[in-house]
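Everything on this sheet refers to the single structure shown next.
So you know, we letter chains A, B, ... as the sequences are listed, proteins then strands, and number each from 1. Predicted, not measured: the structure shown is a model, and the values here were computed from it.
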Amino acid sequence: MKKSSPKLRKVAIIGVGSTPFGKLTNDTIVSMSVSACEDAISDSNLAREEIEAVYLGNYVGERLASEGVLAPKLANRLGITGIPTTKVEGACASGGLALRQAFLSVALGLHNFVLAVGVEKMTTSPTDAVTSALATAGDTTLEMRTGLTFPGSFAMIMQAHMAKYGTTREQVAMVSVKNHENGINNDKAMFRKATNIEEVITSRSIAEPIRLFDCPPITDGAAAAILCPMDIAHQFVQNPIELIGSGHASGPVSLTESDDITSFSASVRAANEAYKMADLTPQDIDVAEVHDCFTIAEIVAIEDLGFFPKGNGGPATEQGSTGLNGEIAVNPSGGLLAKGHPVGATGLAQAYEIVQQLRETSSNQVDGATVGLAHNLGGSGAVATVNIFKKV
Amino acid sequence: MTTKSEWRQCEACTAIILREHAVCPNCNEEIDATADIPKELTGTITAFTTIHIAPEKYREDAPYTVVLVRLDNNTNVMGRLLHGQSPVQGSSVHLDYFSAENGPIFSV
Ligand SMILES: [Zn+2]
């Protein structure tokens, strides 16, 4: 039977909030969530009792912060107990998933006012505990038992991309240099210091060819957004941002199940869904926050999202095409590499930056940005979400 | 502890898969009859990495090399490269032995 497409309402973002990203010693996973949500609620001018549902993205809160039922806990602290609250998990794409679920519930007419939030508390745990918690996104039997690590998976992707397309070590390092440069102006970013190619490629070896400066830091943080139907958004704010396209896909959990590890099928599929819904092409995007969980991941992402042809991600980065004044500005926030990567929060932090860009209030403002995209990836390609935003 | 018995071979396409796979990830055939994996496997290295910062459990092994191998039956498997050997893109490897702890160990 041919499936008919449901009629979707237009959806707006009327408020966003974010904690600073970093080592937030005095904050718990719950207090960070509350703080980001309070920010978003006050930004939206919505009375909190109007919120009808909560979607919370979190990956390793049970392991690292020893907190379960986080979504009802958050609702309790916000004083909105009673409404449906749902935690969603898709590894490092948990935040993107929360936004996607919130979008669907408003678009499908289930709710008018929905809160999407993402959070992670990581810095209080020993590094071994963090890496083993994150490694649960890998396929235990097919690959992780070999002693492969998460950086190791992306090191293989980097090695294969370099071998297949002639991508150079310097081109990959440029991602880190660019994103650290962008992080300097972002007062929410964990790292606000420049680096250079030499420093990246001579930093400590993690999994060859990946070095320390190819990796994001271990970070605490939370970010949130309030969504409502577009037709009532102007009752609350003067500058609602429309969420015009949303895509979500799963992909292979193990690199062994992919015949070309230099591309993530989930990213391609989620992007196609989002572009189709938005009736846009990659060339219409002015600014993008993409999932640079490692330097090479940004190069793969800008190719998978269609910004550059396959294999051209390295040269495009080297030529400055992804810089603030380039063809398409990529990761003006500093990305995961400089802003930090509190895994469950990242998808919503990307949305936070894109909303600032479209309101023309970003600390690294891209001139004339009217359409923005956020790409969030989980595991080594097991989950991807792509959300497209437009200035109204 | 995972052991060799968790692995099997798809009879339709000869891919090395897991017992928990209901459908072969390579050829999409539903699995009804399967064979144990063969003792001799050969293929070529399609990607590799040398792990310097290892998980706690494998720390004493580091640095060690993990290889993605394209087997001669056109399917992929991940394994370690025999300690002391250097990986080269596209070089031929064969299964040296199957480790209950680490999965397949390849040798050039
Ligand atoms: Zn098969």
message: Quick check on A/Ser258 against chain B: is it the side chain, the backbone, both or neither that has a heavy atom closer than 4.5 Å?
response: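 Looking at A/Ser258, just its backbone touches chain B.
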field: Neighbourhood of chain A inside residues 80-92 of chain B, taking heavy atoms under 4.5 Å as contact
entry: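 Expected list: B/Arg80, B/Gln89.
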task: Show your reasoning for whether side-chain contact (heavy atoms from CB on, under 4.5 Å) applies to B/His21 and A/Leu142.
output: CA-CA 11 Å; B/His21 274 125; A/Leu142 283 176; 4.2 Å; yes
query: Quick one: do the A/Asp259 and B/Asn76 side chains pair a donor with an acceptor below 3.5 Å?
result: yes
task: Of all the heavy-atom pairs spanning B/Gly79 and A/Thr146, show the shortest one and how long it is.
output: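 In terms of heavy atoms, the two residues are closest at CA-CG2, 3.8 Å.
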Going by heavy atoms in the side chains, are [X] and [Y] under 4.5 Å from each other?
X        : Y        : value
A/Arg204 : B/Ile53  : yes
A/Leu148 : B/Thr49  : yes
B/Thr46  : A/Met156 : no

message: Would the distance check show the side chain of A/Glu208 and the main-chain N or O of B/Thr50 forming a donor-acceptor pair, the cut-off being under 3.5 Å?
response: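 Answer holds: no.
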statement: Exactly one of A/Met144, A/Arg145, A/Glu143 clears side chain to side chain contact (heavy atoms under 4.5 Å, CB included) with B/Met78, and that residue is A/Glu143
message: With chain B as the partner, which of A/Gly152, A/Ala160, A/Ser205 has the greatest number of non-hydrogen pairs under 4.5 Å?
response: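 That would be A/Ser205.
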- prompt: Taking A/Ile261, A/Ile210, A/Leu255, A/Thr149 one by one, which has the highest count of heavy-atom pairs under 4.5 Å against chain B?
  reply: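 Looking at each of A/Ile261, A/Ile210, A/Leu255, A/Thr149 in turn, A/Thr149 comes out on top.
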Under 4.5 Å from any heavy atom of chain A - which part of B/Tyr64: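 Only the side chain of B/Tyr64 comes within 4.5 Å of chain A.
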message: So for B/Val67, is it side chain, backbone, both, or neither that comes closer than 4.5 Å to the heavy atoms of chain A?
response: backbone
Salt bridge (Lys or Arg N to Asp or Glu O under 4.0 Å) between B/Lys57 and A/Asp128, worked out: CA-CA 10 Å; B/Lys57 189 172 156 193; A/Asp128 274 331; over 6 Å; no
- prompt: Counting only heavy atoms not in B/Arg70, do more than 12 fall under 6.0 Å of its CZ?
  reply: yes
- request: Mind jotting down which residue pairs meet the salt bridge (Lys or Arg N to Asp or Glu O under 4.0 Å) criterion with at least one end in residues 247-258 of chain A? Sequence neighbours excluded, please.
  value: none
